Amino acid sequence: MVASTLGERRPVDDLERINTMCRNADIIYTARHNGKLVGAARSVSDFSYCTYLSDLAVDAAYQHQGIGKKLIAETKRLYPQALLILLAAPAAEQYYPKIGMERHNHCFLLRDVNGLK
């Protein structure tokens, strides 16, 4: 969603890549107001042990209304046994603890296989 801050960190100008991201997601929830897309949650899951909520976006004009929290809740409710995992955007790091999510400091990223030593 370009109208959210998620557009700063996703390839919103690469429609083929965005289409592939959506096509291969296991779970997608959306929020709409009068037919307009105002929120989205996109996840991949093994449906039992873990669900990675890879994209959570709420239109900036609709933030602070509980839309993100509702999208997170619906994602978690779908497979309640699965641990819901999310990497916070820097601007949203303080939001998730406020809604009851637990901070976890043991995440690692690999952007390029050539980075392995």
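Numbers here simply count residues along the sequence, with the first being 1. Note that this is a predicted model, so its numbers are computed, not measured.
- Heavy-atom contacts from other residues, nucleotides or ligands closer than 6.0 Å to CD of Q81 number 12 or fewer.
- Atom CG of L87 is separated from atom CG of L109 by 6.5 Å, given to the nearest 0.5 angstrom.
- Atom CD in E16 sits 8.0 Å away from atom CZ in R23 (nearest 0.5 Å).
- Separation of atoms CZ (R32) and NZ (K36) is listed at 11.5 Å; rounding is to 0.5 Å.
- Side-chain atoms of K76 do not come within 3.5 Å of backbone N or O of L71 as any donor-acceptor pair.
- A 4.5 Å side-chain heavy-atom check between F47 and D26 finds at least one atom pair inside the cut-off.
- Across all their heavy atoms, G68 and Y95 have their closest contact at C-OH, 3.7 Å.
- Proximity of a side-chain donor or acceptor of R42 to a complementary backbone N or O of A25 within less than 3.5 Å is not detected.
- The minimum heavy-atom distance between I27 and Y29, with the atom names listed, is CG2-CE1, 3.6 Å.
- With hydrogens and angles disregarded, a donor-acceptor distance shorter than 3.5 Å links the side chain of Q63 to the backbone of V58.
- When all heavy atoms of L53 and A41 are compared, the closest pair comes out as CD2-CB, 4.4 Å.
- The backbone N or O of C50 lies less than 3.5 Å from a partner atom in the side chain of S45, making a donor-acceptor pair.
- Between Y96 and L86 the shortest side-chain heavy-atom distance falls below 4.5 Å.
- Summarising the geometry, atom CD1 belonging to I28 is positioned 9.0 Å from atom CG belonging to D55; distances are rounded to the nearest 0.5 Å.
- Inter-residue side-chain proximity for I85 and T51 is flagged as unmet; no heavy-atom pair is nearer than 4.5 Å.
- Y62 and H33 make their closest contact through OH-ND1, 3.3 Å (heavy atoms, listed as atom of the first residue, atom of the second, distance).
- Taken from CD1 in I72 to OG in S43, the straight-line distance is 9.5 Å, to the nearest 0.5 Å.
- The line from CG of L56 to OG1 of T75 is 8.0 Å long, rounded to the nearest 0.5 Å.
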